[in-house]
Amino acid sequence: MLKRYPLWKNILILVVLILGIIYSLPNLYPDDPVLQVSGTEAGIRIDQSILAQSKQVLHAAKMSYKGEELQKNSLLVRFNSTEDQLKAKEILEKSLGDHYLVVLNLAPTTPQWLRVLGASPMNLGLDLRGGVHFLMEVDMAKALEHRYQALASDVRSKMRDNKIYYARIAYQPKQGILAEYRSTALRDQALKILSKENPHLIFESNAVGELYQIKASFDPSELKKIQEYAISQNLTTLRNRVNELGVAEPLVQRQGANRIVIELPGVQDTAVAKRVLGRTASLEFRMVAQDRGAESEGTHDAERFTFREGQRPTLLEKKLIVTGDQVVDAQSGFDENSQPQVSISLDGKGGNAMFNTTRKRVGDPMAVLFVETKTKLIDKMVDGKIVKVPQPHEEKYLINVATVRDALSSNFRITGLDSPAEASELALLL
């Protein structure tokens, strides 16, 4: 006699089979070759005007495409073949200019009714979908050296403030900070101040000839903190830059003590991925020069810059107050009016330079110049053929001009930013 199951069990099996079939259907639809258009900086918006310009350019070039859609601050243009995709890429890059990224990508073609149900294709890795794989290594030695150099500068400042005369204070690679004094009294006085204000340091005292030394190094917990901070900053920065590429299933994760793995499934344009991930940036703080008229492009001691949108040209002194190399830390946040800001900490040398300049220029405007090193593809003749060759170049534009209300020191903030995204990106790039 055949065994019979209750009706509810049969219905349950049928429902599971139907749902399994429905949610597996998206895998039957092949991906479309697409162009992903996004801004090179967080503050650049992709809106209807960019969509209209792209459509107009493609129609003028008689390029056929399947459709277009605006996503989260990016534009997606679908094509019937990779040949059309490659041709359209060159056309859009020339039309939109250097402030926009045009990336080769793949996009699913899941019907709308399946997307409403939450059905999507299975996530495919590089083995099945293809794409780009990067393995990056964080320069821990350089990060540690930068912290020690900042510490040495701070120690010098503390000695001067407390009128403790020293023979030498310097950073020794792989050892830490070495401070030398000409008497035990001066050394002991310095050691008392430094140990009180720097609980995360390990101190060692000895004498060499007529000099009395203090060797200071970070304790193991602080070393681990510095290393973890370096990794986390790089991870956050790379994740933000990967988002600019519009990749649907990116992988950005830590590997081992100091390496980061980046996988970009579906991305076909390796050059653009390298260009975005390899950007570096810095700051220049300069005082605003006396304006000599809108027609003046600059003089031997001043030069003119504009904001990113090309508006409000401002003449700046060529003399630098502080550069990004003297920035120890930069964190984004909000001020007392809930407006985005970036809080900046300088090393001792940078803090002294900022104080010495601003204490004499209270009431004058000071500008923050953003300097970004990018890689631009240029046409070059190689073996009788024109090929695209990467060439680094600098772009400089103003991000802030404000009046100095009081003498600034090692810790201050930049306000007047357009959005929290811009503040976050600026802090991470620094």
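These numbers come from the heavy atoms of this one structure, side chains and all, not from hydrogens, waters or symmetry mates.
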Could you tell me whether the side chain of Arg259 and the main chain of Val261 form a donor-acceptor pair under 3.5 Å?
no
Got a salt bridge between Lys215 and Glu180, using NZ or NE/NH1/NH2 to carboxylate O under 4.0 Å?
no
I would like to know whether Ser95 and Gln53 meet side-chain hydrogen bond (donor to acceptor under 3.5 Å, both in side chains); could you show each step before the answer?
CA-CA 8 Å; Ser95 173; Gln53 180 181 349; 3.3 Å; yes
One should read off an interatomic distance between Ile193 CD1 and Met159 CE, to the nearest 0.5 angstrom, of 5.0 Å
Before giving the answer on salt bridge (charged side-chain N to carboxylate O under 4.0 Å, His left out), spell out for Glu83 and Lys87 the whole-Å C-alpha distance, their side-chain angles and the decisive distance to 0.1 Å.
CA-CA 6 Å; Glu83 290 79 7; Lys87 292 177 182 178; over 6 Å; no
Looking at Ile21, is its backbone amide N or carbonyl O close enough to the side chain of Ser24 to form a donor-acceptor pair, meaning the two atoms are under 3.5 Å apart?
yes
Ile22 vs Leu117 side-chain heavy atoms within contact, under 4.5 Å
yes
Answer yes or no: is there an ion pair linking Lys94 with Glu90, defined by an N-O contact shorter than 4.0 Å?
no
Between Phe305 and Thr314, does a side-chain contact (heavy atoms from CB on, under 4.5 Å) hold up when you go through it step by step?
CA-CA 5 Å; Phe305 297 97; Thr314 305; over 6 Å; no
Any chance the side chains of Ser217 and Gln175 put a donor and an acceptor closer than 3.5 Å?
no
Taking atom types as modelled, is there a side-chain donor on Asn258 or Glu137 under 3.5 Å from an acceptor on the other?
yes
Tyr148 side-chain N/O to Gln172 backbone N/O, donor-acceptor pair under 3.5 Å:
no
Determine, stepwise, if the pair Leu76 / Gln36 fulfils side-chain contact (heavy atoms from CB on, under 4.5 Å).
CA-CA 5 Å; Leu76 203 70; Gln36 189 95 22; 2.8 Å; yes
Salt-bridge criterion met for Arg286 and Glu284 (N-O under 4.0 Å):
yes
Checking Asp32 against Thr109: is there a side-chain donor and acceptor pair closer than 3.5 Å?
no
Validation row, ring centre Phe412 to ring centre Phe285 under 6.0 Å:
yes
Output the distance between atom CD1 (Ile262) and atom CG (Leu251), rounded to the nearest 0.5 Å.
9.0 Å
For Val102 and Leu96, run side-chain contact (heavy atoms from CB on, under 4.5 Å): C-alpha distance rounded to whole Å, both residues' side-chain angles, the deciding distance at 0.1 Å, then the answer.
CA-CA 9 Å; Val102 182; Leu96 296 176; 4.3 Å; yes
Decide, yes or no, whether a salt bridge links Glu303 with Lys318 under the criterion of side-chain N to carboxylate O below 4.0 Å.
no
